[in-house]
Student: 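Just dropping this structure here.
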Amino acid sequence: MSAALAEGHIASAVRTDGTPAIQLDKVNKWYGSMHVLRDISLQVATGERVVVCGPSGSGKSTMIRCINRLEQHQEGRILVDGTELTDDVRSLDAIRREVGMVFQSFNLFPHLTILENCTLAPIWVRRMPKKQAEELAMEYLRRVKIPEQANKYPGQLSGGQQQRVAIARALCMKPKIMLFDEPTSALDPEMIKEVLDTMVGLAEDGMTMVVVTHEMGFAQQVADRVIFMDRGEVVEQGPPEQIFNRPSTDRLKLFLSQILRGH
Amino acid sequence: MSDISLGSSVAGVPEAVPRQPPALTTGPVAWLRANLFSSWLNTALTLVLAYFIVRWAIGFIDWAFINAIWSVPNSQTQACRALKGSDHPGACWAVITEKHRFILFGTYPYEQHWRPAVVCVLFTALFVVSAMRRFWRWELAIVWAVTLITIGVLMWGGVLGLEYVPQERWGGLPITLILSTFGLAFAFPLAILVALGRRSSMPAIRVLCIAYVELIRGVPLISLLFMASVMFPLFLPEGINIDKLLRAQVAVILFAGAYLAEVVRGGLQALPKGQYEAADALGLSYWHKTGFIILPQALRLVIPPLVNTFIGFFKDTSLVLIIGIFDLLTAGKTSIVEPAWQGFGVEVYIAISLIYFVYCFAMSRYSQNLEAELNRHRVR
């Protein structure tokens with residue numbers, strides 16, 4: 001029933017233009033004997049903003065990390081921008097160039113300045129001239145509102161600032177798709193907003209985004225679709241208004257009640 | 001919200017007046033009181049140890065400087081021997097005065113000693129220049145190549161009007177410097193490759209690297225040197241002869257490489273997984289990731305054990321004495337074989353230790369500076 005709803009939603013998504021940005025086909029993954037992803041089938045259209053939520057251990061991070069092959073799935077197919085993820089290094093590199101990722105723990109390079117963090121990949125992967133890469137980096141640093149920190153090292157910045165740099169660093173590669181893996185979970189409460197604001201701005205510009213997060217406010221504000229995962233399965237999906245106000249499964253109801261109690 | 005730094009205060013709250021710490025908790029007097037005289041037991045211990053240290057120091061100064069003999073005429077060592085047996089023994093530094101050129105340069109032709117002397121100066125200058133960060137440019141590789149070629153020309157000769165000196169006659173400090181410099185210069189890149197190989201996803205490479213490390217680490221350096229000098233030539237076809245020093249050099253490189261590889265691997269493993277993932281997610285290739293992200297951080301982490309291994313190998317080169325190569329230590333030992341100078345080993349060994357110490361201590365101090373400098377970005 002929920003699957004039927006989801007398909008209806010995708011069909012109604014006007015942005016769909018031929019190939020979906022991301023397509024997962026019956027994806028399965030095990031850690032040892034633990035079945036962490038069960039028959040995940042999913043499509044994300046170009047320009048669509050998808051929020052993935054669910055209790056911890058539900059496989060949402062694993063799923064998003066399979067999309068740029070930081071984790072490998074064992075069964076099923078994953079297509080990004082029409083290219084299938086395989087062991088072929090060249091197609092993997094091509095996909096990673098087009099997919100930006102923001103991590104929970106920022107993962108900035110601590111031995112490089114903020115500017116160097118942002119220009120490294122454009123210079124060496126995109127073969128961009130250094131000067132041009134620096135201009136581009138400054139443009140994105142201005143966009144995440146920290147151009148004045150360009151010559152500092154990551155260790156000198158606050159968590160929120162570091163995460164905004166991480167977003168700018170990913171954007172400098174001009175990706176077609178952005179993946180966010182719990183981008184605000186490691187932040188102090190007063191810094192969450194500055195990161196979410198950056199992400200909202202990005203969504204408004206029409207970036208294709210897949211966001212794993214517990215920030216339900218963010219989901220309601222920008223998501224075209226919310227996916228609820230539990231125990232490695234996609235349990236329910238639909239527009240945020242439907243997921244949050246009219247949950248149809250008990251698992252989602254339980255999850256929502258726990259989240260709301262927490263707030 | 002744009003700038004967060006240590007010590008910044010909340011806007012609007014008046015700054016607290018800075019206060020000095022209580023007077024008697026800092027400064028040398030307070031330090032002495034806290035560490036050496038904190039209880040009667042501590043005080044007694046301090047006094048007893050101080051007594052022994054001072055007595056020993058006075059005795060040493062007496063022996064090494066006040067009673068010492070600095071030179072004797074024509075290897076007439078009677079005065080030295082008399083002094084040794086007397087109530088106020090003294091050092092016979094005459095042995096150094098007399099034999100220092102043999103200790104430093106071994107059996108190198110006497111009238112050509114300026115050549116190994118220049119070589120030692122060149123090596124030391126090369127170390128000093130390479131240590132300065134402002135010279136860390138690709139041109140440094142040219143400087144190294146030119147210097148090493150010059151060193152080869154000086155030692156061998158045979159060109160530019162220099163008399164040819166076969167390798168068998170080389171000895172002393174140049175040998176120690178050659179073995180350790182070439183040894184570490186080649187072993188270090190080898191170690192990095194092996195450490196990376198041990199973490200490779202390709203099973204064949206991984207197995208090869210593990211086998212190399214475990215095999216080399218499993219045998220003593222002495223047995224490797226023996227194999228290089230005695231067994232290896234047996235496998236060579238008739239008429240082909242590889243220089244003995246070169247064979248020892250290869251053994252040293254292989255040995256140092258295995259140990260350094262494990263040190264480097266430690267650094268690779270200490271790096272958070274997120275660094276690898278972030279580099280992957282940006283689409284960096286394996287070599288870009290390794291060269292720009294992984295190695296710069298991993299090597300900084302392991303500077304202390306790395307230098308530890310460097311220092312160890314600088315001294316381990318003295319083991320080449322067992323295959324008959326005259327390094328600094330062996331030359332020193334040989335210099336007191338002569339009957340006239342027998343029994344003055346202490347003086348010679350002290351002098352040699354000083355030379356080793358100067359190089360090792362310089363390495364140690366330099367590494368501490370480098371560590372502080374390179375880890376400045378780690379604001380913790």
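Note that the structure is a prediction, hence the values are computed from the model and not measured. Per chain, numbering begins at 1; letters A, B, ... match sequence-line order.
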Student: Is there any residue in residues 197-210 of chain A with a non-hydrogen atom under 4.5 Å from a non-hydrogen atom of chain B, and which ones are they?
Tutor: none
Student: Below 4.5 Å, heavy-atom pairs only: which of A:R126, A:H111, A:M173, A:M101 has the largest tally toward chain B?
Tutor: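 Winner by heavy-atom pair count: A:H111.
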Student: Enumerate by number any residue of residues 278-290 of chain B whose heavy atoms lie under 4.5 Å from heavy atoms of chain A; in the absence of such residues, state 'none'.
Tutor: B:A278, B:A279, B:D280, B:A281, B:L282, B:G283, B:L284, B:H288
Student: Assess whether salt bridge (Lys or Arg N to Asp or Glu O under 4.0 Å) is satisfied between B:R300 and B:E371, documenting all intermediate values.
Tutor: CA-CA 7 Å; B:R300 274 166 222 219; B:E371 209 184 325; over 6 Å; no
Student: Around A:R90, counting heavy atoms of other residues, nucleotides and ligands shown, do more than 12 lie under 6.0 Å from its CZ?
Tutor: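 Open.
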Student: Within the structure provided, determine whether B:C209 and B:I205 are in side-chain contact (heavy-atom separation under 4.5 Å).
Tutor: yes
Student: Select all residues of residues 178-186 of chain A having any heavy atom within less than 4.5 Å of some heavy atom of chain B, and report them by number, or 'none'.
Tutor: none
Student: For B:Y259 together with B:F255, are the ring centres under 6.0 Å from each other?
Tutor: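 Between B:Y259 and B:F255, which both carry aromatic rings, the centre distance is below 6.0 Å.
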Student: Cation-pi check, A:R169 to A:F109: give yes when NZ or CZ is under 6.0 Å from the six-membered ring centre and within 45° of the ring axis, no otherwise.
Tutor: yes
Student: Under 6.0 Å from the CE atom of B:M202, do we count more than 12 heavy atoms belonging to anything else shown?
Tutor: no
Student: What part of A:R65 gets closer than 4.5 Å to chain B, counting heavy atoms only: side chain, backbone, both or neither?
Tutor: side chain
Student: Using a 4.5 Å heavy-atom cutoff, which residues in residues 67-74 of chain A come close to chain B?
Tutor: A:N68, A:L70
